[in-house]
Participant: 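Okay, handing you the structure first.
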Amino acid sequence: MVRHDASYNAVVMMTSLDAVAVSALKNYDFSPNTAVTLTNVSENVTYRVDDRGTGRSAALRIHRLNYHSKAAIESELCWMDALREDGVVAPPRPMTTRDGARIVTVDDDRGLARHVVLFEWLPGHTPTVEGDLVPSFRVLGTLAAKMHSHGSMWQPPASFDRYTCNYNTALGLKAMWGRWQEGLGIGRSERKLLSRLDTEVGKRLVGYGAGRDRFGLAHNDLRLANLLVDGDHIHVIDFDDCGYSWYMYDFAASVSFIEDDTRVPDWMSAWLDGYTSHRPLSKVDIEIIPTLIMFRRLLLVGWVGSRHEYADEAAKLGTGFTSVTCDLAEAYLTGVYLM
């Protein structure tokens, strides 16, 4: 049985993916008394699986079409394994099928192959954006530094295949997450202003460069929503966007959707404090952070525009997200953002 705990836009798609989830679970040893509950719709679709017969729970992730290949998903799991085994962070463990596979491929009702991964269900809660977040951002900075250090020294297998998040893949003509020019609420004035922002961001990123000391394997979505706190234990989840990018992009990702919050300077100071306690940074590394925040924000304008018909978070943001982005662009271009 599949339960929906919330109202989602793409009801037809959900009906199709419900069947994919149930079919994928047949490859695992779950009892007949197992409930499947839809919990999140974003890039991927996530279900909670509760086996009432054995007391086991799991998180089932159905991957979006035309995003990551099976090889790329296996590479994600490979880095998660290495991080866990080397004691860097504690990501969830993927569960194996009866045949020992970690990725199951199931055809949906259109005959399209959907990749599915089942993870152990981890205890804990996600920190909220309310209250004093300085300690949480210090933790995020510490975790980022540890993962960056690991990724810079780790030798991945020859089959390792993860994408690169740079100007071309994020803001170029074939932007992976949608072009900002096709975002919601983009009129003539918005296009003119955001084009100026795009040009300035691109110029500064070229100047900063992508040397090995500042660009490498990273989580790329290390925000509070992807932490699970269980007492003294902190788990990092959702490595779906892990790949190669600027290391300071992990701070930009940490303030996704809240870049206009007046507390961002304090959060950045805390994040840098946590980061530099484990990994050194240069002055130019710190100076590029506002540019990477704007880079991420433009990427998200494209993401909202291309995902708003089925991803709840994108639908809720709507045209207001573009409006606030324009305000941020003005502040950045006039040199007052994060000043």
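Just so you know, residue 1 is the first one in the sequence shown, and it goes up from there.
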Participant: List the steps and the verdict of side chain to side chain donor-acceptor pair (under 3.5 Å) for Asp327 and Tyr332.
Facilitator: CA-CA 9 Å; Asp327 294 338; Tyr332 172 81; over 6 Å; no
Participant: Aromatic rings Trp154 and Phe160: how do their planes relate, parallel, tilted or perpendicular, breaks at 30° and 60°?
Facilitator: perpendicular
Participant: Where do Glu43 and Trp303 land on the side chain to side chain contact (heavy atoms under 4.5 Å, CB included) test, with the steps shown first?
Facilitator: CA-CA 10 Å; Glu43 286 301 311; Trp303 180 81; 2.5 Å; yes
Participant: Within the 3.5 Å criterion, strictly below it, is a donor on Asp266 or Ser269 matched to an acceptor on the partner's side chain?
Facilitator: no
Participant: So, Ser256 and Arg296: side-chain donor and acceptor under 3.5 Å apart, yes or no?
Facilitator: yes
Participant: Side chains of Asp250 and Tyr275: donor-acceptor distance under 3.5 Å anywhere?
Facilitator: no
Participant: Please find the pair of heavy atoms, one from Ser245 and one from Cys165, that lie closest to each other, and give the distance.
Facilitator: OG-O, 2.9 Å
Participant: I want to check something: taking the side chain as every heavy atom from C-beta on, are Met294 and Thr325 in contact at a cut-off of under 4.5 Å?
Facilitator: no
Participant: Check whether the side chains of Ser282 and Asp285 place a donor and an acceptor atom closer than 3.5 Å, and report yes or no.
Facilitator: yes
Participant: Can a cation-pi geometry be assigned to Arg162 and Tyr244, taking NZ or CZ under 6.0 Å from the six-membered ring centre and within 45° of the ring axis?
Facilitator: no
Participant: Counting N and O atoms only, with roles assigned by atom type, does the side chain of Arg114 sit under 3.5 Å from a partner on the main chain of Val20, one being a donor and the other an acceptor?
Facilitator: no
Participant: Provide the closest heavy-atom pair for Val264 versus Ile258 in the form atom of the first, atom of the second, distance.
Facilitator: CG2-O, 3.5 Å
Participant: Compute whether any side-chain donor of one residue and acceptor of the other, for Asn166 and Tyr249, lie under 3.5 angstrom apart.
Facilitator: no
Participant: Side-chain contact test, heavy atoms from C-beta onward, threshold under 4.5 Å: evaluate it for Leu299 versus Trp180 and give yes or no.
Facilitator: no
Participant: Has the side chain of Asp230 got a donor or acceptor atom that lies under 3.5 Å from a matching backbone atom of His233?
Facilitator: no
Participant: Output, in order, the C-alpha distance, side-chain angles, deciding distance and verdict of side chain to side chain contact (heavy atoms under 4.5 Å, CB included) for Tyr47 and Val45.
Facilitator: CA-CA 7 Å; Tyr47 294 82; Val45 177; 3.6 Å; yes
Participant: Indicate yes or no for a side-chain donor-acceptor contact from Ser254 to the backbone of Arg223 under 3.5 Å, with no hydrogens or angles considered.
Facilitator: no
Participant: Do Arg204 and Glu200 sit within salt-bridge range, that is, some charged N less than 4.0 Å from a carboxylate O?
Facilitator: yes
Participant: Evaluate Val89 against Ile234 for side chain to side chain contact (heavy atoms under 4.5 Å, CB included), listing each step before the verdict.
Facilitator: CA-CA 8 Å; Val89 294; Ile234 298 176; over 6 Å; no
Participant: Can you tell if the side chain of Ser306 reaches within under 4.5 Å of the side chain of Trp177, non-hydrogen atoms only?
Facilitator: no
Participant: Same cluster for Leu65 and Val41 if Ile/Leu/Val/Met/Phe/Trp/Tyr side chains link at under 4.5 Å?
Facilitator: no
Participant: If only atom types and distance count, is the side chain of Glu259 paired as donor or acceptor with the main-chain N or O of Phe257 below 3.5 Å?
Facilitator: yes
Participant: Before you tell me yes or no, could you show the steps for Ser152 and Arg212 under side chain to side chain contact (heavy atoms under 4.5 Å, CB included), namely the whole-Å CA-CA distance, both residues' side-chain angles and the distance that decides it to 0.1 Å?
Facilitator: CA-CA 8 Å; Ser152 67; Arg212 293 187 61 185; over 6 Å; no
Participant: Is Lys283 paired with Glu287 through a side-chain N to carboxylate O contact shorter than 4.0 Å?
Facilitator: yes
Participant: Does the side chain of Val49 come within less than 4.5 Å of Leu118's, by heavy atoms?
Facilitator: yes
Participant: If I take atom CG from residue Leu173 and atom CZ from residue Arg179, how far apart are they, to the nearest 0.5 angstrom?
Facilitator: 5.0 Å
Participant: If you take all heavy atoms of Leu197 and Ala329, which pair is closest and at what distance?
Facilitator: CD2-CB, 3.8 Å
Participant: Is a donor on one side and an acceptor on the other found under 3.5 Å between the side chain of Tyr163 and the backbone of Asp241?
Facilitator: yes
Participant: Leu122: what forms a side chain to side chain contact (heavy atoms under 4.5 Å, CB included) with it, not counting sequence neighbours?
Facilitator: Pro92, Glu120, Leu228, His235, Ile237
Participant: Should Val116 and Leu60 count as side-chain neighbours, where that means a heavy-atom distance under 4.5 Å?
Facilitator: yes
Participant: Taking all non-hydrogen atoms of both residues into account, name the closest pair between Gly209 and Trp246 and its distance.
Facilitator: O-NE1, 3.0 Å
Participant: Are Asp29 and Arg98 close enough for a salt bridge, meaning some N to O gap below 4.0 Å?
Facilitator: yes
Participant: Find out whether the Lys NZ or Arg CZ of Arg48 is both under 6.0 angstrom from the six-membered ring centre of Trp121 and within 45° of the ring's axis.
Facilitator: yes
Participant: Keeping the roles fixed (side chain from Glu85, backbone from Ala82), state whether a donor-acceptor pair exists under 3.5 Å.
Facilitator: no
Participant: Can a donor-acceptor pair be found, under 3.5 Å and without considering hydrogens, that links the side chain of His125 to the backbone of Val229?
Facilitator: yes
Participant: Are the side chains of Asp240 and Tyr67 in touch, meaning some heavy atoms are under 4.5 Å apart?
Facilitator: yes
Participant: Just checking, is any N or O donor in the side chain of Asp50 or Ser57 under 3.5 Å from an acceptor N or O on the other one?
Facilitator: yes
Participant: So which atom in Leu222 and which in Val236 form the shortest heavy-atom distance, rounded to 0.1 Å?
Facilitator: CD1-CG1, 3.8 Å
Participant: Just checking Arg56: does its CZ atom have more than 12 heavy atoms from other residues, nucleotides or ligands closer to it than 6.0 angstrom?
Facilitator: yes
Participant: Go through Phe251 and Trp271 one step at a time and tell me if the ring pair (Phe, Tyr, Trp, His ring centres under 6.0 Å) criterion holds.
Facilitator: CA-CA 7 Å; Phe251 177 75; Trp271 191 94; 5.4 Å; yes
Participant: Looking at Phe119, does the NZ or CZ of Arg61 lie under 6.0 angstrom from its six-membered ring centre and within 45 degrees of the ring axis?
Facilitator: no
Participant: Give the minimum heavy-atom separation between Thr46 and Leu38, together with the two atoms involved.
Facilitator: O-CD1, 3.6 Å
Participant: Taking atom types as modelled, find out whether Asp99 and Asn27 have a side-chain donor-acceptor pair closer than 3.5 angstrom.
Facilitator: no
Participant: Quick check against the 3.5 Å criterion: does Ser42 have a side-chain atom that pairs as donor or acceptor with the backbone of Asn44?
Facilitator: no
Participant: Within 45° of the axis and under 6.0 Å from the centre of the six-membered ring of Tyr247, does NZ or CZ of Arg279 qualify?
Facilitator: yes
Participant: Any donor-acceptor pair under 3.5 Å linking the side chain of Asp161 with the backbone of Ala71?
Facilitator: no
Participant: Short question: side chain of Asp132, backbone of Val134 - any donor-acceptor pair under 3.5 Å?
Facilitator: yes
